[in-house]
Amino acid sequence: MLPTRPAEGAMTHIYELARGLNLKTQVNFQPGTLASRDRETKSNYQMTLSLNVKQPKALTKKEDMLKLNPKLEPMLPGLSTLFRHARVSPYYGQVYVRKQTEIRKNLASLLKLLDRHNYYDTETILETTYPDTGRKLLWLQSEMDVVSDGSDGDRLAAMPDKILKSSFYQPSTSYRWKKRTDKPNPLLNPWQQRLASYKKTLEKAPAAEKTALRRKIDHAERVIEELKRYSFLISEYDPFIVVPLGVVNQSSPFSPQFGDYAVVIVGDKLYPALVGDAGPRYKTGEGSLRLSREINPKAGPYSRPVSDLKVSYLIFPGSAEPEAGPPDYEKLTDRCRELLNEIGGMGKGFKLHQWEDLLAPKPPPAPKPESGGTAETSADKRKKEEAPGNKPAPAPASPQTAPASSAAKSAA
């Protein structure tokens with residue numbers, strides 16, 4: 001489930017370096033001079049790399065949205081009103097500008113180049129206000145990749161070795177709250193061991209490596225301090241979504257904050273969720289492992305639940321609770337239902353998914369009944385003994401204590 005080391009050996013075929021690109025190659029041979037002269041001029045043997053990219057426009061029409069998911073209209077009676085008052089969010093243009101910057105930065109390294117799938121991952125970002133209630137909504141239409149991070153010693157004291165020993169798993173999420181118990185975070189000890197290893201390596205490291213090691217030490221110290229003070233969402237157990245940096249926690253009234261409520265729509269299903277983490281500025285469409293596997297049981301860290309741009313993220317800015325804390329799943333459903341009612345409600349026959357709290361303490365098992373029936377209480381036994389039909393018969397009188405009249409009758 002977690003990243004492994006890349007395969008050893010150099011990749012020599014350019015098609016291997018350019019996955020996700022429609023690669024066209026052409027070689028032009030031109031007459032030159034003598035080989036001894038031509039080899040001295042670099043431009044005589046030169047490759048020019050040119051990448052042609054179509055820039056998409058944001059989806060703005062309800063009809064186009066319904067082509068992605070025809071169930072949206074019966075599911076959301078207020079859909080026409082929402083689209084009538086919608087405008088393309090500035091965040092849409094910002095996301096694509098950042099995609100372009102990322103491509104320009106990495107064009108010389110095809111291994112790092114953003115591929116076609118991830119370039120075209122954002123169908124639209126719309127800002128709309130429902131006129132009857134004033135409720136603001138940020139509608140993000142995308143796919144869904146999987147994020148698998150987070151830890152919380154208060155709710156989950158132990159985690160598997162594959163996570164504890166992983167150098168890729170991130171122990172924190174952006175949405176966090178102060179620890180409520182003295183139970184240590186399960187990832188605290190592995191990070192303390194990692195820090196000790198960095199410090200030991202630094203003592204004997206050559207000068208060229210010391211700067212990078214000091215950065216690792218600083219990062220590990222920050223993580224350790226966070227793990228001592230805070231708890232976080234856990235991707236495998238909590239339903240949450242990831243919003244790009246540059247979109248979340250901005251000054252705009254349509255900017256989501258960590259802890260805001262959201263409803264994720266896939267097909268005819270509505271899933272309550274929280275805005276739980278921030279991702280790259282140039283990427284949209286990520287959900288926690290819990291959310292992803294509910295949508296598609298085959299989903300995993302390397303297998304997205306939905307590859308098409310058919311996932312609707314309805315985010316309600318300003319809806320976060322005043323005090324951060326672990327998810328309350330009943331409240332999550334109830335609050336999302338209230339927020340949907342503020343944008344026209346849900347259509348007849350549709351309902352929100354009800355999450356089960358997999359980390360809630362289990363109730364103690366009921367006492368086992370006695371064989372042959374239910375267990376008797378002491379009061380039950382006393383009542384049974386005092387019943388007229390259950391009173392014991394009086395013991396027969398002995399000859400020594402018999403009344404005199406009885407003895408006289410015997411003599412006669």
Task: Verdict with supporting geometry, D64 and K57, salt bridge (Lys or Arg N to Asp or Glu O under 4.0 Å) - done: CA-CA 12 Å; D64 291 332; K57 295 180 180 179; over 6 Å; no

Open item on the list: Run E127 and Y91 through side chain to side chain contact (heavy atoms under 4.5 Å, CB included) and show every step you take.
Closed with: CA-CA 10 Å; E127 298 175 356; Y91 298 135; 4.2 Å; yes

Task: S312/L72 under side chain to side chain contact (heavy atoms under 4.5 Å, CB included): CA gap, chis, key distance, verdict - done: CA-CA 9 Å; S312 300; L72 283 171; 4.0 Å; yes

TODO: Could you walk me through whether M144 and L291 pass the side chain to side chain contact (heavy atoms under 4.5 Å, CB included) test, one step at a time?
DONE: CA-CA 10 Å; M144 183 177 286; L291 175 60; 3.8 Å; yes

Open item on the list: Apply salt bridge (Lys or Arg N to Asp or Glu O under 4.0 Å) to residues D328 and R335 and explain how you reach the verdict.
Closed with: CA-CA 10 Å; D328 180 331; R335 187 71 181 111; over 6 Å; no

TODO: Please test D268 against M75 for side chain to side chain contact (heavy atoms under 4.5 Å, CB included), starting from the C-alpha separation and ending with a verdict.
DONE: CA-CA 7 Å; D268 60 355; M75 194 181 306; 4.1 Å; yes

Open item on the list: Set out, in order, the CA-CA distance, both residues' side-chain angles and the distance that settles salt bridge (Lys or Arg N to Asp or Glu O under 4.0 Å) for R222 and E225, then state yes or no.
Closed with: CA-CA 5 Å; R222 288 195 299 272; E225 186 61 27; over 6 Å; no

Open item on the list: Is there a salt bridge (Lys or Arg N to Asp or Glu O under 4.0 Å) between D154 and R180? Walk through the geometry before answering.
Closed with: CA-CA 7 Å; D154 294 345; R180 300 182 176 185; over 6 Å; no

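Annotation for T122 and L309: closest pair N-CD2, 4.4 Å, computed over non-hydrogen atoms. In terms of heavy atoms, R281 sits closest to L245 at CG-O, 3.2 Å. Contact record, D277 with F258: C-CE2, 3.6 Å, taken as the closest heavy-atom pair. Considering every non-hydrogen atom in both P327 and W177, the closest pair reads CD-CH2, 4.3 Å. Residues P317 and L138 approach most closely at CD-N, 4.1 Å, considering heavy atoms. In this structure, M346 and R337 approach most closely via the heavy-atom pair CE-CG, 4.3 Å.
Remark: T128 OG1 to L82 CG distance equals 5.0 Å, nearest 0.5 Å. Atoms OH and OG, from Y237 and S151 in turn, are 12.5 Å apart once rounded to the nearest 0.5 Å. Here the CG atom belonging to L114 is positioned 8.5 Å from the CG atom belonging to N106, to the nearest 0.5 angstrom. The CG atom of L59 lies 7.0 Å from the CD atom of Q141; values are rounded to the nearest 0.5 Å. In this structure, the separation between CD1 on I315 and CD on Q257 is 11.5 Å, given to the nearest 0.5 Å. The distance from the OG atom of S172 to the CG atom of D152 is 12.0 Å, given to the nearest 0.5 Å.
Contact of the F240 side chain with the E286 side chain is not registered, since no non-hydrogen atoms from C-beta on lie closer than 4.5 Å. Within the 4.5 Å cutoff, side-chain heavy atoms of P256 are placed close to those of V247. L113 places a side-chain heavy atom less than 4.5 Å from the side chain of L51. In this structure, the side chains of L187 and Y169 come closer than 4.5 Å at one or more pairs of heavy atoms.
Counting heavy atoms of neighbouring residues, nucleotides and ligands inside a 6.0 Å radius, atom CD of E338 exceeds 12 of them. The local environment of NZ in K71 is sparse, with at most 12 non-hydrogen atoms from other residues, nucleotides or ligands closer than 6.0 Å. Other residues, nucleotides and ligands contribute at most 12 non-hydrogen atoms within 6.0 Å of the CD atom of E323. No more than 12 heavy atoms of other residues, nucleotides or ligands shown are found within 6.0 angstrom of CZ on R39.
Side-chain atoms of S148 never come within 3.5 Å of backbone atoms of P301 as a donor-acceptor pair (strictly under, hydrogens ignored). Side chain of Y175 to main chain of G325: a donor-acceptor pair is present (N/O by atom type, distance under 3.5 Å, no hydrogens or angles). No donor-acceptor distance shorter than 3.5 angstrom exists from the side chain of T41 to the backbone of S43, with no hydrogens or angles considered. Remark: side-chain polar atoms of R290 are not paired, donor with acceptor, to backbone N or O of D238 under 3.5 angstrom. Put simply, the side chain of S255 never gets that close to the backbone of S251: no donor and acceptor are under 3.5 Å apart. Distance alone, capped at 3.5 Å, is enough to place a donor-acceptor pair between the Q250 side chain and the V248 backbone. Between the side chain of T129 and the main chain of P131, no donor-acceptor pair closer than 3.5 Å is present. Looking at D38, its side chain does come within 3.5 Å of a backbone N or O of T33 through a donor-acceptor pair. A donor-acceptor pair under 3.5 Å is absent between the side-chain atoms of Y313 and the main chain of I241, judged by distance alone. Of the possible polar contacts, none joining the K310 side chain to the S142 backbone as a donor-acceptor pair under 3.5 Å is found.
Exactly one of K99, R304, R116 qualifies for a salt bridge (charged side-chain N to carboxylate O under 4.0 Å, His left out) with D121. That residue is K99. The only member of Q94, E102, Q100 that meets side-chain contact (heavy atoms from CB on, under 4.5 Å) when paired with R98 is Q94.
Under the 3.5 Å distance criterion, with hydrogens and angles disregarded, a donor-acceptor pair is assigned to the side chains of Q26 and N28. For the residue pair D149 / S235, no side-chain donor-acceptor distance below 3.5 Å is found, with atom types taken as modelled. Checked by atom type, the side-chain pair D115/N118 shows a donor-acceptor distance below 3.5 Å. If you check the side chains of S303 and K298, you find no donor sitting under 3.5 Å from an acceptor. Side-chain contact of Q354 with Y329: a donor-acceptor pair under 3.5 Å is absent, judged by distance alone.
Pairs passing the ring pair (Phe, Tyr, Trp, His ring centres under 6.0 Å) check and including a residue from residues 207-236, sequence neighbours excluded, read W191-H219.
Shown here are the ring-ring contact (aromatic ring centres under 6.0 Å, His included) partners of F316, two or more places apart in sequence or in another chain: there are none. Taking F83 as the reference, W139 meet the ring-ring contact (aromatic ring centres under 6.0 Å, His included) condition, with sequence neighbours excluded. With sequence neighbours excluded, no residue forms a salt bridge (charged side-chain N to carboxylate O under 4.0 Å, His left out) with D260. Judged as a ring-ring contact (aromatic ring centres under 6.0 Å, His included), and not counting sequence neighbours, the contacts of Y271 are H353.
The aromatic ring centres of Y119 and Y96 sit less than 6.0 Å apart.
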Donor-acceptor list for residues 195-218 side chains, cut-off 3.5 Å, not counting sequence neighbours:
residue, atom, partner, partner atom, Å
T201, OG1, S197, O, 2.8
K210, NZ, L202, O, 2.8
K210, NZ, A205, O, 3.4

